[in-house]
Amino acid sequence: MNKKLIRNGHIWSAHDDFIGDVYVVDGKIAAIGKNLADVYSADEVIDADGLYVIPGGIDAHTHMELPFMGTHSADDFETGTLAGLHGGTTSIIDFAIQTQGNSLKDCVNHWHEKADGKAVGDYAFHCAVTDFNEKTAKEVPEMIDQGITSFKTFMAYKGVLMIDDKMMLGLIKEVRKYGGLVSVHAENGDLVDSLVEQFRIDGTLSPKYHALAHPPEAEAEAATRVMDLAHFHDAPIYIVHTSCRQSLNRMKMNFLREQRIFIETCAQYLLLDDSVYDLPNFEGAKYVMSPPIRKKDDQTALWHSLQCGHVHTIATDHCPFNFHGQKDMGRDDFSKIPNGAAGIEHRLELIFSEGVKKGRMTMNRFVEVMCSHPASIFGLGNKGTLAIGKDADIVLIDPNEKHTISTKTHHHNVDSSIYEGWELTGKVKTVLSRGNIVVRNGKADQVTKGQGEFLKRDKFNFSL
Ligand code: URP
Ligand code: ZN
Ligand code: ZN
């Protein structure tokens with residue numbers, strides 16, 4: 001038996017906190033309490049005096065090695081999950097994306113090939129449905145049996161990923177029947193495409209026109225539409241990477257009809273504003289993602305919605321592309337800049353520093369939106385909270401240590417960072433993944449390629 005004792009830490013859940021110990025046996029939490037050393041013996045004692053002890057972070061929105069816009073996202077499952085472990089994210093849910101015309105089975109098998117034997121953190125898959133038809137419908141229960149219980153859809157990226165409303169309705173109905181959850185990239189693809197077309201005609205093709213081609217109206221319209229479609233089928237719906245006040249307002253309206261809507265935002269939408277698109281020397285390309293970075297007023301609305309509990313999770317949409325060799329494919333035309341940026345390593349530290357330390361969010365809410373809600377919304381029954389019998393995914397944070405984000409020291413496999421130079425307070429020091437120490441004093445420790453496990457998820461069964 002392998003026994004570890006974390007002693008004298010400040011232990012946080014989504015609802016409580018206290019100073020105490022966590023006892024870990026063979027990868028599971030075996031006891032939580034005070035003075036556990038008096039009762040239990042351990043092979044290793046980890047001194048957590050002065051440190052915060054929280055459950056392993058769960059990033060419910062990543063794209064490792066994603067084939068996209070003529071290239072691949074720069075982190076694979078090994079480098080991406082290793083970066084995650086450094087930042088206290090011990091589990092991810094990545095998107096296995098169906099190629100139009102192919103089966104869901106093929107796409108999931110392909111994603112297993114990318115991840116199995118490579119990932120160093122635990123991983124699950126959402127199945128992204130880009131082509132819903134009679135055959136795909138029959139595959140829904142098979143996916144759910146395999147523990148892939150959420151299904152992603154895109155209302156933008158026409159011709160590649162986007163599905164129409166008829167397909168959306170069919171999928172929502174089928175997924176509800178078998179107890180899964182549909183999630184949505186909500187942007188009106190036709191509005192986006194017509195704006196891109198117009199900017200091409202006008203010859204206005206610098207990165208800032210990417211943002212102008214993805215207005216809040218496109219996001220709010222699609223979010224409203226999909227909420228209505230889900231409401232029609234009395235199905236829950238999860239809206240990914242919500243970025244703007246207009247969308248949030250529509251969502252809040254729909255809470256009034258008791259609709260089960262779950263809202264994700266991402267760190268970048270809380271922390272950055274659209275002035276990034278005015279940076280010189282094509283630097284704005286680093287921030288080209290969909291939806292784009294919004295205005296300060298949208299940040300205000302997002303923070304407020306987090307405080308009120310209207311936003312349920314903070315993810316990253318981790319989808320990195322190198323500035324040199326990938327982002328610069330669109331030097332003369334913003335629509336050729338691969339959409340996405342890195343974030344998995346710094347999600348916890350950024351939100352801790354900018355949210356908790358700056359008084360915009362309580363520590364309990366932090367644990368809820370970073371760990372507990374992603375686990376319970378997506379059926380990760382063994383994760384997301386520090387409780388007896390759960391996986392011992394545990395993160396120790398020094399709440400006062402200062403550090404600076406830099407491309408020179410980050411673990412993302414990419415040559416730039418949208419948070420370059422950000423000075424943060426609060427550092428992830430020690431990380432346990434299923435009871436194994438994988439980060440010691442901020443550095444990876446005895447991490448073996450392929451040690452991450454595929455996580456079969458439970459059916460949707462969550463209420464607030
Ligand atoms: O710009 C983004 N978000 N890239 C990744 C794909 C997506 O839309 O989530
Ligand atoms: Zn998206
Ligand atoms: Zn995404």
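First listed ligand is number 1; within each ligand, the first listed atom is number 1. What's counted below: heavy atoms across the whole structure, side chains too, no hydrogens, waters or symmetry copies.
In terms of distance to the Zn ion (ligand 3), the nearest N, O or S atom of Asp317 is named OD1. If you look at His241 and ask which of its N, O or S atoms sits nearest the Zn ion (ligand 2), the answer is NE2. When the Zn ion (ligand 2) is compared with the N/O/S atoms of His185, atom ND1 turns out nearest.
Looking at atom 4 (N) of ligand 1, its nearest protein heavy atom turns out to be Asn339 O, 3.0 Å. With respect to atom 3 (N) of ligand 1, the closest heavy atom belonging to the protein is Asp317 OD2, 2.5 Å.
Here the CD1 atom belonging to Ile172 is positioned 7.0 Å from the OG1 atom belonging to Thr153, to the nearest 0.5 angstrom.
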Item to check | CA sep, side-chain torsions, deciding dist, call: Lys177, Glu174, salt bridge (Lys or Arg N to Asp or Glu O under 4.0 Å) | outcome: CA-CA 5 Å; Lys177 186 154 87 191; Glu174 211 59 19; 3.4 Å; yes
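The angle His61:NE2 - the Zn ion (ligand 3) - His63:NE2 amounts to 110°, with values rounded to 10 degrees.
For ligand 1, none of its N or O atoms has an N or O atom of Lys152 under 3.5 Å away.
Listed by number with element, the atoms of ligand 1 under 4.0 angstrom from any heavy atom of His63 are 5 (C), 6 (C), 7 (C), 9 (O). Each of the following atoms of ligand 1 lies closer than 4.0 Å to a heavy atom of Met289: 1 (O). Close contacts between ligand 1 and Ser290 involve ligand atoms 1 (O), 2 (C), 3 (N), 8 (O) [criterion: under 4.0 Å to a heavy atom]. Which parts of ligand 1 touch His61 is read off a 4.0 Å heavy-atom cut-off, strictly below it: atoms 9 (O). Ligand 1 places these atoms under 4.0 Å from at least one heavy atom of His241: 8 (O), 9 (O).
Under 4.0 Å is where a charged nitrogen must lie from a carboxylate oxygen, and between Lys105 and Glu142 no such pair does. Taking the charged nitrogens against the carboxylate oxygens, Glu219 and Arg294 do have a contact shorter than 4.0 Å, which makes a salt bridge. At a threshold of 4.0 Å, the pair Arg250-Glu221 does not count as salt-bridged, since none of the basic side-chain nitrogens sits closer than that to a carboxylate oxygen.
For Phe255, the CZ atom sits in a packed shell: over 12 heavy atoms of surrounding residues, nucleotides or ligands are nearer than 6.0 Å.
Within the structure, ligand 1 has Tyr157 among the residues with a heavy atom less than 4.0 angstrom away.
Using cut-offs of 30° and 60° for the angle between ring planes, the His214 and His210 rings count as tilted. Relative orientation of the Tyr123 and Phe125 rings is tilted, given thresholds of 30° and 60° on the angle between their planes.
Smallest separation of non-hydrogen atoms from Val447 and Val438: CG2-O, 3.5 Å.
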